[in-house]
K.L.:
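Quick one: structure below, then a few questions.
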Protein chains: 2
Amino acid sequence: MERTSFAHMRCSLARGLELIGDWWSPLIIRDLFLGLSRFDELVEDLGISRNLLTRRLKSLAANGIVERTAYQQKPARYAYRLTEAGRDLVPAILALTAWGDRWARPREGSPILFVHTTCGHRFEPRVTCSACTEPVTAETVTAIAGPGGAARPGTKLVARRLHSPAPVAAIK
Amino acid sequence: MERTSFAHMRCSLARGLELIGDWWSPLIIRDLFLGLSRFDELVEDLGISRNLLTRRLKSLAANGIVERTAYQQKPARYAYRLTEAGRDLVPAILALTAWGDRWARPREGSPILFVHTTCGHRFEPRVTCSACTEPVTAETVTAIAGPGGAARPGTKLVARRLHSPAPVAAIK
DNA sequence: CGGATTGAGTTCAATGACGCAACTGAGTAG
DNA sequence: CTACTCAGTTGCGTCATTGAACTCAATCCG
């Protein structure tokens with residue numbers, strides 16, 4: 001059986017996972033962000049099998065997350081780089097990395113630290129509210145139905161619940 | 001061959017993906033966050049096959065991300081809920097959802113909107129710097145080697161590069 | 001009292017995805 | 001002329017995922 005497609009789900013998380021939700025894609029994107037760019041570099045760094053890397057890169061390129069450009073002819077050599085959509089994904093990957101660092105850190109300590117070049121400090125990625133800039137947590141977020149909601153596989157029950165939410169105080 | 005394990009990689013992203021990086025886990029966690037809790041609710045909402053959901057829930061429970069508690073005896077009925085680690089993952093999943101909303105939104109519009117209950121506003125999840133609270137982007141983040149770094153599969157080349165970084169101005 | 005329904009899974013066959021290793025093919029270095 | 005690098009492709013075996021059917025205990029319905 002083919003793996004269930006998330007592409008037609010009316011859910012932005014599922015549709016995002018359809019593009020980058022397999023095992024290796026986040027690591028490939030992280031490596032491209034960290035400066036790797038060539039096929040064999042990725043193979044060596046990650047230990048991914050070559051045929052699988054070929055498939056992943058093709059799919060990421062088809063979905064507009066990486067682009068493949070020849071950086072020399074004769075012999076043809078290619079560099080993979082993040083597109084705008086791929087770079088826009090980096091903060092979300094950093095947030096996931098920070099979670100892994102809190103809950104699955106190697107005994108030896110954090111493998112990678114991040115520096116915010118605009119302020120010059122080491123930092124932890126933090127997910128915050130675009131309205132008040134305070135951190136958001138599971139306890140302080142409520143979901144409500146959006147215009148694209150639909151009760152279909154992926155959000156069959158959830159969509160119904162959001163349309164009859166628990167009493168929500170006036171939303172600004 | 002078994003899928004390559006990320007568990008021994010010296011990389012917090014890979015180790016996090018080892019716990020929740022499969023196709024369905026993020027959607028399961030999102031559903032639990034949105035208030036679903038029973039086995040059949042998840043099956044109906046997501047359209048996941050029942051045997052696979054069994055495996056996923058067992059693995060998420062074994063990794064401390066969800067917990068399974070009987071909410072009644074005779075007949076035994078179980079509720080799945082997020083643990084602290086699971087709830088801590090929600091902001092990262094929101095960040096990923098926001099990315100999906102920007103780059104893979106259904107034509108009909110956003111399926112789900114989020115409200116920050118502490119400030120009362122609708123908002124977009126934003127990944128920010130814990131030091132200066134400004135948003136972080138791929139362009140304004142530099143990675144440096146942490147104490148747990150190691151040149152092994154997963155970070156074989158990357159770890160070496162981080163130890164000889166491009167000129168980094170004084171880090172505070 | 002008997003049949004249908006609910007909740008929570010388990011079992012099964014088929015098929016696709018993944019992992020490894022070996023191979024190709026163009027060009028370059030020694 | 002041989003070895004090496006880069007960027008894949010090919011082949012083969014094993015594992016994971018899917019959908020559908022099945023189990024089992026208990027309760028609801030008439």
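Residue numbers start from 1 in every chain, and the chains themselves are labelled A, B, ... in the order their sequence lines are given, proteins ahead of strands. As the structure is a computational prediction, the values presented were derived from the model and not from experiment.
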K.L.:
Kindly determine whether B:Phe123 and A:Val141 satisfy side chain to side chain contact (heavy atoms under 4.5 Å, CB included), including the steps that lead there.
P.N.:
CA-CA 10 Å; B:Phe123 74 103; A:Val141 172; 3.9 Å; yes

K.L.:
Using a 4.0 Å cut-off on heavy atoms, which residues in residues 45-68 of chain A reach DNA chain C? List them by number, or say none.
P.N.:
A:Ser49, A:Arg50, A:Asn51, A:Leu52, A:Arg55, A:Arg56

K.L.:
With respect to the side chain of B:Tyr78, which nucleotide from C:dG9, D:dC6, D:dA26 is positioned closest?
P.N.:
C:dG9

K.L.:
Measure CD/A:Gln73 against P/C:dT28 and give the value in whole Å, please.
P.N.:
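For the pair A:Gln73 CD and C:dT28 P, the rounded distance is 12 Å.
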
K.L.:
Is it true that atom CD of B:Gln73 has more than 12 heavy atoms of other residues, nucleotides or ligands lying nearer than 6.0 Å?
P.N.:
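Incorrect, the count does not exceed 12.
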
K.L.:
Looking at A:Thr83 and A:Ile65, would you say the former's side chain and the latter's main chain have a donor-acceptor pair under 3.5 Å?
P.N.:
yes

K.L.:
Could you state the CG-P distance from A:Leu36 to D:dC6, rounded to the nearest angstrom?
P.N.:
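Interatomic distance, CG of A:Leu36 to P of D:dC6: 13 Å.
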
K.L.:
Nearest-Å distance, CD (A:Glu44) to C1' (D:dG8)?
P.N.:
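So the CD-C1' distance, A:Glu44 to D:dG8, works out to 16 Å.
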
K.L.:
Please compare B:Arg77 and A:Glu41 by the position of their nearest nucleotide in DNA chain D and report the one closer to 5'.
P.N.:
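Its nearest nucleotide lies further toward 5', so the answer is A:Glu41.
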
K.L.:
So, does A:Trp23 get its side chain near the phosphate of D:dA16, meaning an N or O under 4.0 Å from OP1 or OP2?
P.N.:
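Negative; the distance criterion is not met.
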
K.L.:
Would A:Thr54 and A:Asn51 count as having a side-chain donor-acceptor pair, cut-off 3.5 Å?
P.N.:
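A:Asn51 and A:Thr54 do not have a side-chain donor-acceptor pair below 3.5 Å.
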
K.L.:
It should be established whether B:Trp24 places a side-chain nitrogen or oxygen under 4.0 Å from OP1 or OP2 of nucleotide D:dA16.
P.N.:
no

K.L.:
Would you say A:Tyr80 places a side-chain N or O within less than 4.0 Å of OP1 or OP2 belonging to D:dC6?
P.N.:
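Result: no.
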
K.L.:
Tell me whether A:Lys156 is salt-bridged to B:Glu41, with the criterion being a basic N under 4.0 Å from an acidic carboxylate O.
P.N.:
no

K.L.:
Separation of B:Asp40 atom CG from D:dT23 atom P, in whole Å?
P.N.:
18 Å

K.L.:
Specify the separation, in whole Å, of atom CG of B:Asp22 and atom C1' of D:dA16.
P.N.:
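That distance rounds to 11 Å.
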
K.L.:
For A:Gln72 and C:dA26, what is the distance between atoms CD and P respectively, to the nearest whole Å?
P.N.:
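After rounding, the gap between these two atoms is 16 Å.
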
K.L.:
Ignoring hydrogens and angles, state whether a donor on the side chain of A:Asp22 or B:Trp23 is under 3.5 Å from an acceptor on the partner side chain.
P.N.:
no

K.L.:
In terms of heavy-atom contacts, does CD of A:Glu84 have more than 12 from other residues, nucleotides or ligands at under 6.0 Å?
P.N.:
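Count not over threshold, so no.
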
K.L.:
To the nearest angstrom, how far is A:Ile28 atom CD1 from D:dG8 atom P?
P.N.:
13 Å

K.L.:
May I ask you to evaluate whether B:Arg38 reaches the phosphate of C:dG7, defined as a side-chain N or O under 4.0 Å from OP1 or OP2?
P.N.:
yes

